[in-house]
Amino acid sequence: MGVAGEKFQLGTVGALSLSVVSSVSIVICNKALMSALGFIFATTLTSWHLLVTFCSLHVALWLKFFEHKPFDARTVMGFGVLNGISIGLLNLSLGFNSVGFYQMTKLAIIPCTVILETLFFRKKFSRYIQLSLSVLLFGVGVATVTDLQLNAMGSILSLLAIITTCIAQIMTNTIQKKFKVSSTQLLYQSCPYQALTLFVVGPFLDGFLTNKNVFAFAYTPQVLFFIVLSCLISVSVNFSTFLVIGKTSPVTYQVLGHLKTCLVLAFGYVLLHDPFSWRNILGILIAVIGMGLYSYFCTRETQQKPAEASPQVTQVKEGESDPLISDALSTAENGAAAATDEPLKVPMWSSKYARA
């Protein structure tokens, strides 16, 4: 793939690694904050995460680490508010459902994303990719899903959480391509709207779910330390989330999320001595096999595309015919990256915050 391809692969590996390390770190930090110290206000904490992320990016902009690139304000506002709503709905889903049903909700995000991208973006997923995703989801389900208690309100909230999360993650990818903005530029502009949305609904939502007032909580030095640490780690989490989705795809990001779930289970057992059964071990092993298959098939199919495209390009150049123009327009309309604009998206594998 040449020098450009090597740079891209290294960049993707770095983004994936940063996402895994930061997400697992923040889960461990938030588990200590919520379980050990009793600070159970997840939505309000997330709004603080986003505020600190915006302030950090503003300092980075002042230091000229990246350029501010304004684009369609209505798109940014809608995207930011939608992200905030999706976080709130996921927390509500957990509040109204059992842990097992909540895990099923998270598992449903991948097939829902595949369906939406197939219907509205005409993106094709081969049988091999579908098979690998099925193996992955089955493994994570075996490892994490325990009880399944259904209720009408919880089911409706879960459905809304799935739809809004899928749309928000697809928008993260498409906005970066459509407006040619980096993950940092998009995060910087959307953060205020996400934070404002959660600032408004967070205290009420947390109060409704916990029957406690976030402003009446006893903020000891130990609690404040873990809140600050959680907010600092969240800068890396937010940045790597946008970076991974921009460099790969929403589906790959969800696959990565399930890898984090398996790692959190393993770290919880090793470091925090959480209960661990053979079912957890079997599920994690199956999930890892699914992730390996997904990575292999994605890489193989991506490498096949340039080989299939080369004879067609050569044939068009010899005849100098119009299909070259129509093919290019078709590619742009389908949201695919042109080879001249961006390097190939190759998910590379070596193997929202408090809840993996």
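Numbers here are sequence positions counted from 1. Here the structure is a predicted model, which is why all the values come from computation and not from measurement.
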Residue list, ring-ring contact (aromatic ring centres under 6.0 Å, His included) with F138, at least two apart or on another chain = none

request  = Step by step, work out the side-chain hydrogen bond (donor to acceptor under 3.5 Å, both in side chains) result for T105 and S158.
outcome  = CA-CA 6 Å; T105 298; S158 292; 3.1 Å; yes

task = Please identify each residue that fulfils side-chain hydrogen bond (donor to acceptor under 3.5 Å, both in side chains) with S47, with sequence neighbours left out.
result = none

request  = Please list all pairs passing the side chain to side chain donor-acceptor pair (under 3.5 Å) test where one or both residues lie in residues 211-228, with sequence neighbours left out.
outcome  = none

task = Look at the aromatic rings of Y188 and F54 and report parallel, tilted or perpendicular, splitting at 30° and 60°.
result = parallel

request  = Return yes if some donor-acceptor pair links the side-chain N/O of Q254 with the main-chain N/O of P250 below 3.5 Å, else return no.
outcome  = no

request  = May I have the step-by-step check of side chain to side chain contact (heavy atoms under 4.5 Å, CB included) for H49 and N30, ending in yes or no?
outcome  = CA-CA 12 Å; H49 286 168; N30 287 354; 4.0 Å; yes

request  = List, by chain and number, the other hydrophobic cluster members for V59, where Ile, Leu, Val, Met, Phe, Trp and Tyr join if side-chain heavy atoms come within less than 4.5 Å, directly or indirectly.
outcome  = W62, L63, F65

Which pairs of donor and acceptor atoms, one on a side chain in residues 110-119, lie under 3.5 Å apart (sequence neighbours left out)?
residue : atom : partner : partner atom : Å
T113    : OG1  : I109    : O            : 2.7
T118    : OG1  : V114    : O            : 2.7
T118    : OG1  : K123    : O            : 3.4

note = Output for pair (L187 CG, Q194 CD), nearest 0.5 Å, gives 7.0 Å

note = The side-chain hydrogen bond (donor to acceptor under 3.5 Å, both in side chains) partners of S35 (sequence neighbours excluded) come to none

request  = Determine whether the aromatic ring centres of Y296 and Y294 lie less than 6.0 Å apart.
outcome  = no

task = Give the intermediate values and the outcome of side chain to side chain contact (heavy atoms under 4.5 Å, CB included) for residues F226 and C29.
result = CA-CA 7 Å; F226 276 98; C29 176; 3.9 Å; yes

Atom pair CE (M34) and OG1 (T210), whose distance is rounded to the nearest 0.5 Å = 10.5 Å

